[in-house]
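As structure tokens, the structure follows; a few thoughts come after it.
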Amino acid sequence: MLKICRTALAISLTFSSVNLFAFSNDQETSLPILAPESQHAVSSKRIAAKFSRSHYKPVKINDDLSEQIFDRYLKQLDYGRNVFLASDITEFEQHKDDFDTVVARGKLDIPYHIFNVNLQRRLERYQFALSLLETPFDFTKDETYTFDREDAEWPTSEDELNELWRQKVKYDALNLTLTGKEWDKVKEILTKRYNYAIKRLKQSESEDVFQLVMNSFARVVEPHTSYLSPRNAERFQMEMNLSLEGIGAVLRAEEDYTVIQSVVSGGPADKSNQLKPKDRIVGVSQGDEKFEDVIGWRLDDVVDLIKGPKGTKVRLQVLPGQAVDESSIKVVSIVRDKIVLEDRAAKSKVIYEKPGDENSKKLGVIDIPSFYNGLSAHVKKEIDKLNAENVEGIIIDLRGNGGGSLTESTLLTGLFIDRGPVVQIRDGANRISINSDKDGVTYYDGPLTVMVDRYSASASEIFSAAIQDYGRGVIIGEQTFGKGTVQQHRPIARIYDINENPYGSIQYTIAKFYRINGGSTQHKGVVPDIAFPTAIDPEDWGESKEENALPWDMVPKANFKSLTDVSTDVEYLTSLYQERVKSNREFNYLLEDIARYQAEKDDKTVSLNLAKREAKRDERKAKQLTRTNERLVALGLEKVENLDDLPEELEELDPLLEETARITFDFVSLGKVAKNNSKD
């Protein structure tokens, strides 16, 4: 059960967008007229056949599917609805019932035609954007820019399209102005950015189109199903073999940005503690050289710029995920390294009930970054270390753990129970198999808590669900991601192929897994026994937010017996926790941030008035500085006058782990231990 977010490197190259219909012959351009290559028709037919015959979800290639592929394809080409005109869409719609023929028979002329039109439209837009840079913008006007137009109407005229792009270019210029740049520098940067975008359009390749079409097909089947181009299939294998040298981050393209999808636990990006999912990389520098602006670049090109030999330094300009302008950019310096398994291994530490007092009660914390092969053996060693320290309870930290080996999730669960089923698996033929722990040994029987968050997925959910169903421990944190599916990776090429062009590969879902209580983790994930505050509603996050995701359902309950009914304990622990956090500074900060996020999350506009944006930025920075100094005072440290002067001690703060430790100490006081477990 591999962590599927790796495929983000291979899909949805929306930056190159797609194109269709006739061009004006009087416009001088060097845009390529793209057409399918010899291997594409064969690949398309094989992909359609494999999905139809082997996917867990029944796939019927008909007009309904065709219309969904068509809609997805257009969305990938023009997510912001600011490239095509309504008249273009009307013309394209005559082909919306032809996309079943496109994928099943490899008749690819229509999507290639649309892609070519998109190239032309994008060229026109960037040429218009360049023309706007001849005159500085007036940032004293009260205007707004709508940055999310996913559900907007298509523009009906070129004038309307021009106005959308005027606002977009003014938004880009204001973001740079907020960083202290004068107009000449703003003009220089944007001119270079838009000219690079034009250059990128002219470098579009046939494989870009095919990849976009096939992933439009794959994603209307199911969100963890995808096509990988030959280049990305090779990169996927490199990652699977952990032979990649770089910063250890999985990237994806989103509009004009390169976005951090996840960081490899133990890798350079993770160790920096400065890169988070949803952060956007807007500039890249080799060592101490000048930054290269990469907004609007192809994902492949950004990846090639970031990766490099072990021991070399790369600097990134990073725009935090929630930021709306470039005034929040921070510079992250990372030394590239080889991403090896040992860096991703589970690690443990001891924390004290009274920090600084080595005679106080102790807990062990085992951080598990992923469910890699050999995980359970490593955790055994960490438990031995913690037992030697005489810890009175253990916290398993699965925050950010996107999953991995199904076998290891079973073996890890087996360390904490005597014997019994751990997970149920149903394949496409409705056959149910059960993975069980059979050794009859409980390797650790003391008080146990498990930390999860909304990034905990797949194998993490199998483990935490089993611990919860057995009553073996208390689950603490956020509702998990909700990925309850198993994928298989297969190359498209066959041994007898003689085509000189390489083939890609596919990933598709072959099974679903279920809790031993019969419920699926799909969509719902694992609901914690004690929930921490969260800004994101579970319905707006994870698998439940994915289009075409498989539904939640149930299978019969497995034959198992709970160890303990912890519901009464959870009520008691929750009451202590809720009373305690009323006066917890960090939790109150979190609640303030959640309230602000909830108030602002539906506003898809941003002001184009410089004074208003500066005031909002200054207010945000002042609040951050106030919080920082309150933290420093609490730690007995000197206050700072600038956010750039933060001491290292603040980077080590983890209020959620600290509160989980307090809950675990409360749990220890109840004297709970695991009972021997066996099937009924």
Side-chain angles (χ1 to χ4, degrees), residues 137 139-148 167-168 170-181 186 254-257 259-260 272-283 291 295 316-332 533-537 540 584-635 637-651 653-656:
F137 288 100
F139 295 125
T140 65
K141 293 182 178 180
D142 280 332
E143 294 183 298
T144 59
Y145 169 64
T146 302
F147 56 82
D148 185 348
Q167 294 174 6
K168 173 178 167 46
K170 186 174 183 179
Y171 170 74
D172 290 345
L174 179 55
N175 285 342
L176 292 171
T177 302
L178 283 164
T179 65
K181 294 179 174 63
V186 169
E254 185 174 293
E255 288 290 276
D256 287 333
Y257 289 103
V259 180
I260 303 284
S272 77
N273 290 318
Q274 296 186 75
L275 292 179
K276 306 296 181 185
K278 295 191 176 182
D279 284 353
R280 290 162 283 176
I281 297 173
V282 298
F291 278 99
I295 295 176
L316 308 177
Q317 288 179 325
V318 178
L319 187 62
Q322 300 299 328
V324 296
D325 62 63
E326 293 178 30
S327 64
S328 301
I329 286 175
K330 62 181 179 181
V331 175
V332 179
T534 179
I536 310 295
D537 190 298
D540 294 329
N584 185 299
R585 181 184 62 254
E586 296 296 335
F587 272 74
N588 284 319
Y589 289 161
L590 180 58
L591 291 173
E592 288 176 9
D593 292 342
I594 289 172
R596 184 173 65 179
Y597 170 81
Q598 293 294 339
E600 298 176 353
K601 69 183 180 69
D602 295 325
D603 184 3
K604 307 301 182 184
T605 64
V606 60
S607 174
L608 295 177
N609 181 284
L610 177 60
K612 289 183 177 180
R613 289 282 289 280
E614 285 178 331
K616 188 170 184 178
R617 177 197 61 190
D618 294 343
E619 178 189 7
R620 182 176 64 250
K621 287 186 175 180
K623 179 173 287 188
Q624 290 176 332
L625 184 60
T626 298
R627 288 184 179 181
T628 295
N629 283 323
E630 287 176 354
R631 290 177 175 124
L632 292 173
V633 170
L635 292 171
L637 300 173
E638 292 291 327
K639 292 183 178 181
V640 296
E641 296 183 1
N642 194 301
L643 289 172
D644 295 331
D645 301 326
L646 300 183
E648 293 182 2
E649 286 86 346
L650 288 188
E651 296 180 3
L653 291 179
D654 189 345
L656 299 182

Can you tell me how far apart [atom1] ([X]) and [atom2] ([Y]) are? Round to the nearest 0.5 Å.
{"X": "Asp172", "Y": "Thr177", "atom1": "CG", "atom2": "OG1", "value": "10.5 Å"}
{"X": "Thr605", "Y": "Asp148", "atom1": "OG1", "atom2": "CG", "value": "11.0 Å"}
{"X": "Leu610", "Y": "Thr140", "atom1": "CG", "atom2": "OG1", "value": "9.0 Å"}
{"X": "Lys604", "Y": "Asp602", "atom1": "NZ", "atom2": "CG", "value": "6.5 Å"}
{"X": "Glu638", "Y": "Asn629", "atom1": "CD", "atom2": "CG", "value": "10.0 Å"}
{"X": "Leu608", "Y": "Arg613", "atom1": "CG", "atom2": "CZ", "value": "7.0 Å"}

Minimum-distance pair of heavy atoms, taken over all atoms of [X] and [Y]:
{"X": "Thr144", "Y": "Gln167", "result": "O-OE1, 3.7 Å"}
{"X": "Ala535", "Y": "Gln598", "result": "O-NE2, 2.6 Å"}
{"X": "Leu590", "Y": "Pro533", "result": "CD2-O, 3.8 Å"}
{"X": "Glu586", "Y": "Leu653", "result": "OE2-CD1, 4.5 Å"}
{"X": "Pro655", "Y": "Phe587", "result": "O-CE1, 4.0 Å"}
{"X": "Val332", "Y": "Val318", "result": "CG2-CG2, 3.9 Å"}

Main chain of [Y], side chain of [X]: is a donor-acceptor contact present, judged purely on distance under 3.5 Å?
{"X": "Arg617", "Y": "Leu178", "result": "yes"}
{"X": "Asp279", "Y": "Lys276", "result": "yes"}
{"X": "Lys330", "Y": "Gln274", "result": "yes"}

Side chain to side chain, [X] and [Y], heavy atoms closer than 4.5 Å:
{"X": "Asn642", "Y": "Val640", "value": "no"}
{"X": "Val606", "Y": "Leu174", "value": "no"}
{"X": "Arg280", "Y": "Ile295", "value": "no"}
{"X": "Phe139", "Y": "Glu614", "value": "no"}
{"X": "Tyr597", "Y": "Ile536", "value": "yes"}

Name the one of Lys623, Arg627, Lys601, Arg620 that satisfies salt bridge (Lys or Arg N to Asp or Glu O under 4.0 Å) with Asp593?
Arg627

Is it the case that over 12 heavy atoms from other parts of the model lie below 6.0 angstrom from the CD atom of Glu619?
no

Report, as yes or no, whether the 6.0 Å neighbourhood of atom NZ on Lys639 holds more than 12 heavy atoms from other residues, nucleotides or ligands.
no

Could you go through Lys170 and Glu143, starting from their C-alpha distance and side-chain angles, then the distance that decides it, and tell me whether this counts as salt bridge (Lys or Arg N to Asp or Glu O under 4.0 Å)?
CA-CA 10 Å; Lys170 186 174 183 179; Glu143 294 183 298; 2.5 Å; yes

